[in-house]
Protein chains: 2
Amino acid sequence: MRVMDKNDKLMSDKPTQSTMADVARLAGVSAMTVSRALRPNSAIAAQTRARIFKIIEDIGYVPDMTAGGLSSRKSGFIAALVPTINNSNFADTARGLTEVLSAAGLQLLLGYTDYSLEREEALIEAMLRRRPEGVMLTGSIHTERTRHLLKNAHIPVVETWDSPNDPINHMVGFSNAEATKAMVHHLHARGYHEIGFIGGGSTEDTRGSDRLAGYLAAVAELNLPAGRVITYGLPPISIEHGGEALSMLIAAWPNVDAVVCVSDLSAFGALSECHRRGLKVPQNIAIAGFGDFDLSRWSWPKLTTVSVNAIEIGRRSGSILLEALKAPSAYNQIDRVAFSIIQRETT
Amino acid sequence: MRVMDKNDKLMSDKPTQSTMADVARLAGVSAMTVSRALRPNSAIAAQTRARIFKIIEDIGYVPDMTAGGLSSRKSGFIAALVPTINNSNFADTARGLTEVLSAAGLQLLLGYTDYSLEREEALIEAMLRRRPEGVMLTGSIHTERTRHLLKNAHIPVVETWDSPNDPINHMVGFSNAEATKAMVHHLHARGYHEIGFIGGGSTEDTRGSDRLAGYLAAVAELNLPAGRVITYGLPPISIEHGGEALSMLIAAWPNVDAVVCVSDLSAFGALSECHRRGLKVPQNIAIAGFGDFDLSRWSWPKLTTVSVNAIEIGRRSGSILLEALKAPSAYNQIDRVAFSIIQRETT
DNA sequence: TTGCCGCTTGTTATCGATAACGTAGCCGCA
DNA sequence: TGCGGCTACGTTATCGATAACAAGCGGCAA
């Protein structure tokens with residue numbers, strides 16, 4: 001039997017990714033020199049660096065960041081949680097965040113809560129195991145344990161897409177209630193008075209609940225007939241839900257002349273259902289969405305909606321996190337982003 | 001000045017996440033005992049475990065997997081690359097993959113290539129730095145360096161959404177060309193003879209190119225008039241591109257009676273453009289999509305499309321990876337998934 | 001009483017990298 | 001010639017966990 005040596009690659013039955021020590025051995029230098037070759041602005045002879053890089057390319061060596069991170073105490077990534085990725089708003093926010101972070105050499109670890117606070121808690125814990133350097137959350141309602149875990153992690157946290165009363169740390173968002181209120185006022189100004197609302201049937205989608213609350217407040221302010229609300233389906237509220245909810249709305253209140261939907265997806269479903277029923281939009285009924293999805297810009301007719309700069313929410317969250325990493329401060333940044341009513345063809 | 005001690009939490013200006021050693025000290029045991037308390041089926045007194053758990057909850061300790069992984073040589077990560085997440089097909093595949101992997105305690109590291117092979121290469125390298133235990137790719141065309149890096153990583157790789165001639169390792173997919181060919185035959189059987197194609201203007205979207213190739217092959221087989229192709233816009237081909245491409249198609253070949261679109265998104269854009277022009281679908285022109293997105297099920301009229309079980313692609317990829325991790329084998333799994341033509345209202 | 005076994009816990013080495021410090025060699029200048 | 005300073009490396013300790021082995025302890029049978 002042949003003698004096994006620690007440095008003998010043949011000894012292991014399973015081949016593995018090569019390490020910095022392998023590179024060092026082949027280059028005839030120490031591991032530390034390889035480490036230096038890999039980072040810019042470090043004292044190393046150009047010739048040595050070139051020799052090391054040649055070997056790195058040849059054997060396909062890729063440094064192990066988890067090992068490096070353990071030593072340098074930096075994981076190099078940020079955790080981000082969104083309710084679902086199957087929603088262009090949240091996808092845009094993730095994109096904006098990625099943009100800013102990757103420019104700073106940080107990676108994004110993305111998780112989906114499926115609109116569940118329990119899943120959010122479980123995800124937070126799973127991600128904290130990887131020691132992210134910062135966290136972006138969607139919404140401001142979290143379990144007690146989630147808050148406890150985040151506090152004890154001692155890393156910057158940004159809550160987004162909401163306007164929390166008691167932020168954990170930083171915040172980038174807006175009031176969903178105010179935005180929906182503005183849409184109701186807009187419809188009222190255009191002459192609609194029998195305004196209904198279509199939303200989801202879950203209390204865990206706090207943005208959805210806030211939008212309903214905003215609708216109710218506006219209807220009360222304007223002395224419009226109240227109660228024209230269909231809450232139906234579990235988040236994420238789909239196109240299908242929107243179509244079915246419209247049928248229910250019309251069945252319950254046949255004289256409804258406008259409907260505010262919790263999102264563009266449900267608005268699009270309602271629109272398709274109107275086509276199917278031969279209802280003219282907006283002549284017979286007006287439809288408003290929320291979110292300014294691609295869909296709403298190119299549907300027929302084009303959807304009136306509330307536009308939120310989703311990608312900017314991501315970018316600003318990224319900037320705040322980067323700033324907090326550079327210079328931790330006791331102050332929480334509260335960054336409100338604007339929303340606007342986009343009047344198109346459905347109202 | 002007070003004396004600093006290594007175990008003194010006050011010595012550092014910046015508070016950090018607590019470690020296993022902190023828990024051990026508070027519980028009056030060794031770190032190893034805490035480690036054992038954290039994993040099921042390990043020899044530890046129930047009473048000791050309970051005491052340790054109490055402390056863990058109190059101080060909000062979360063174990064550091066990167067450190068643990070270094071020691072146990074398992075990162076707990078699987079890397080997955082998709083062209084874009086703003087596409088319900090790829091989102092579904094990611095979802096299916098997550099489903100299977102998270103049940104096995106593995107996390108997904110998701111990246112978007114934006115349909116660029118260079119970005120794919122850069123992402124692969126970035127992800128390999130975190131030592132994933134397996135990789136899922138979309139498509140079968142990669143740079144030489146991507147292949148080199150993956151080979152040297154010695155981890156299982158699954159290529160998806162394609163039917164490669166020379167797979168790196170495993171594969172779960174189907175032939176995009178065959179699927180599109182089937183759609184053309186379907187349209188022909190329903191009596192359409194002036195069939196056009198709308199696709200993207202990039203060669204890096206290999207699935208798009210394969211679909212175009214399938215269309216061309218079918219048209220040749222059936223002796224239909226050829227050349228009715230508009231390739232327009234860069235991936236991801238959006239709703240907007242579809243609408244504009246339809247205008248171009250009609251301008252170039254006014255007697256086109258059916259159009260095969262590279263995806264449901266472009267098909268939907270084409271459909272909206274028809275509404276705008278007052279063209280009846282399918283009476284004046286038939287429209288077919290690809291992918292069976294939510295959109296196509298609920299648009300008006302409902303879109304005829306090619307259905308691919310995207311979530312199943314993710315699930316099977318996950319199973320193959322798990323299997324390969326348990327028992328590495330020399331054999332590459334080649335798993336073909338079925339596609340089907342869904343006849344709805346637009347053809 | 002002795003010896004063995006199983007249960008529970010501790011000790012030491014290690015994973016792959018980096019921080020911090022040490023040192024050899026070279027150059028220039030007094 | 002001698003010394004300081006710089007460059008280009010190497011050495012050692014360390015990050016936070018786990019693997020592997022060692023060991024204390026009580027119980028029970030011989």
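Nothing here was measured: the structure is a model prediction, and the numbers come from that model. Naming: A, B, ... by sequence-line order, numbering from 1 per chain.
Taking side-chain N and O atoms only, T19(A) has no distance below 4.0 Å to OP1 or OP2 of dG16(C). Checking the phosphate oxygens (OP1, OP2) of dA17(C), no side-chain nitrogen or oxygen of R129(B) falls inside 4.0 Å.
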**Item:** Derivation and outcome, side chain to side chain contact (heavy atoms under 4.5 Å, CB included), residues V158(B) and M171(B)
**Value:** CA-CA 5 Å; V158(B) 185; M171(B) 170 221 125; 5.7 Å; no
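The salt bridge (charged side-chain N to carboxylate O under 4.0 Å, His left out) analysis of residues 136-155 of chain A, with sequence neighbours excluded, yields the pairs E121(A)-R145(A), E125(A)-R145(A), R145(A)-E57(B), R147(A)-D166(A). Listed by first and then second residue, the side-chain hydrogen bond (donor to acceptor under 3.5 Å, both in side chains) pairs that reach into residues 26-43 of chain B are S30(B)-T33(B), sequence neighbours excluded. The ring pair (Phe, Tyr, Trp, His ring centres under 6.0 Å) contacts involving residues 112-155 of chain B comprise nothing, where partners must be two or more places apart or lie in separate chains.
Five base pairs at each end of the helix from dT1(C)-dA30(D) to dA30(C)-dT1(D) define two local axes, and these are offset by 60° (rounded to 10°).
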Taking N or O atoms only and anything under 3.5 Å, show me the protein contacts with nucleotides 10-12 of chain C, one pair per line.
{"from": "dG10(C)", "atom 1": "OP2", "to": "S30(B)", "atom 2": "N", "distance (Å)": "2.9"}
{"from": "dG10(C)", "atom 1": "OP2", "to": "S30(B)", "atom 2": "OG", "distance (Å)": "3.0"}
{"from": "dG10(C)", "atom 1": "OP2", "to": "T33(B)", "atom 2": "OG1", "distance (Å)": "2.4"}
{"from": "dG10(C)", "atom 1": "N7", "to": "R36(B)", "atom 2": "NH2", "distance (Å)": "2.7"}
{"from": "dG10(C)", "atom 1": "O6", "to": "R36(B)", "atom 2": "NH1", "distance (Å)": "3.3"}
{"from": "dG10(C)", "atom 1": "O6", "to": "R36(B)", "atom 2": "NH2", "distance (Å)": "3.4"}

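The base of dT18(C) sits with one of its N or O atoms less than 3.5 Å from a complementary donor or acceptor on the side chain of S71(A).
Between the CZ atom of R25(B) and the C1' atom of dG16(D) there is a distance of 13 Å, given to the nearest Å. If you take CD of Q17(B) and C1' of dC15(D), they are 15 Å apart, rounded to a whole angstrom. Between the P atom of dT14(C) and the NZ atom of K74(B) lies a distance of 21 Å, rounded to the nearest Å. Rounded to whole angstrom, the span from the CG atom of L70(A) across to the C1' atom of dC15(D) amounts to 4 Å. The interatomic distance linking D22(B) (CG) with dC15(D) (P) rounds to 11 Å, in whole Å. The distance between atom CZ of R73(B) and atom C1' of dA13(C), rounded to the nearest whole Å, is 14 Å.
Looking at heavy-atom distances under 4.0 Å, A45(A) makes contact with sugar-phosphate atoms alone, never a base.
Evaluation of the side chain to side chain contact (heavy atoms under 4.5 Å, CB included) rule for D58(B) yields K54(B) as partners, not counting sequence neighbours. Remark: E312(B) pairs with R315(B), R316(B) by the salt bridge (Lys or Arg N to Asp or Glu O under 4.0 Å) rule, at least two apart or across chains. D92(B) is linked by a salt bridge (Lys or Arg N to Asp or Glu O under 4.0 Å) to nothing, counting only residues two or more places apart in sequence or in another chain. Scanning for salt bridge (Lys or Arg N to Asp or Glu O under 4.0 Å) contacts around R51(A) gives an empty result, with sequence neighbours left out. Not a single ring pair (Phe, Tyr, Trp, His ring centres under 6.0 Å) links Y61(A) to another residue, sequence neighbours left out. Among residues two or more places apart in sequence or in another chain, the salt bridge (Lys or Arg N to Asp or Glu O under 4.0 Å) test is passed with R73(B) by none.
Considering only the side chain of R39(A), dT18(C) comes nearest among dA17(C), dT18(C), dG16(D). For I44(A), whose side chain is taken as the heavy atoms from C-beta onward, the closest listed nucleotide among dT18(C), dC9(D), dA17(D) is dC9(D).
The stretch residues 46-68 of chain A touches DNA chain C through Y61(A), P63(A), D64(A), A67(A), G68(A), each having a heavy atom within less than 4.0 Å of the strand.
In summary, the side chains of D64(A) and T66(A) do present a donor paired with an acceptor at a separation below 3.5 Å, with no hydrogens or angles considered.
Going from atom OG of S75(B) over to atom CZ of R130(A) covers 6.0 Å, rounded to the nearest 0.5 Å.
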